[in-house]
Amino acid sequence: MVTYKIVESCKGMCTYGIVAVDSEVIIAEISDISADKEAVAGLAELMNRYQLSLIHFKDVIEDFLVREY
């Protein structure tokens with residue numbers, strides 16, 4: 001089962017992304033989604049709660065960005 005986890009990247013300014021993990025192996029990653037840690041963590045939590053299929057991962061991030069910015 002795929003789970004989604006928040007990741008942090010601090011290169012001058014901290015930003016947050018989400019990785020998709022299956023059996024402790026990272027199978028997909030989208031970094032630098034937002035500087036708002038709570039928003040990215042909330043998105044990852046929703047993706048896990050509703051067991052988002054990996055095929056929708058990029059689309060959900062895109063929709064999130066359109067709504068947020």
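For clarity, every value in this text was computed on a predicted model and none was experimentally measured.
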Heavy atoms only: give me the nearest A20-V2 pair and the separation to one decimal.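 It is CB-CG1, 3.9 Å.
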Minimal non-hydrogen separation, A41 against I6, with atom names: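 Smallest interatomic distance, heavy atoms only, reads N-CD1, 3.8 Å.
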Rounded to the nearest 0.5 Å, what's the gap from [atom1] on [X] to [atom2] on [Y]? Could you check?
X: L43; Y: Y16; atom1: CG; atom2: OH; value: 15.0 Å
X: S53; Y: M47; atom1: OG; atom2: CE; value: 10.5 Å
X: C14; Y: D36; atom1: SG; atom2: CG; value: 13.0 Å
X: E24; Y: D22; atom1: CD; atom2: CG; value: 9.5 Å
X: F64; Y: I18; atom1: CZ; atom2: CD1; value: 7.5 Å
X: I33; Y: S9; atom1: CD1; atom2: OG; value: 11.5 Å

Strictly by salt bridge (charged side-chain N to carboxylate O under 4.0 Å, His left out), give each pair with a member in residues 44-63 just once, sequence neighbours left out.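 Listed once each, the pairs are E45-R49.
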Can you hop from L46 to L54 via hydrophobic side chains spaced under 4.5 Å?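 Different clusters: L46 never reaches L54 through Ile, Leu, Val, Met, Phe, Trp or Tyr contacts under 4.5 Å.
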Under the 4.5 Å side-chain heavy-atom rule for ILVMFWY, direct or indirect, which residues accompany V21?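 Traced through the cluster, V21 reaches V7, V19, I26.
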Would you check if the side chain of N48 reaches a backbone N or O of T3 as a donor-acceptor pair within less than 3.5 Å?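 Not confirmed, N48 side chain does not pair with T3 backbone.
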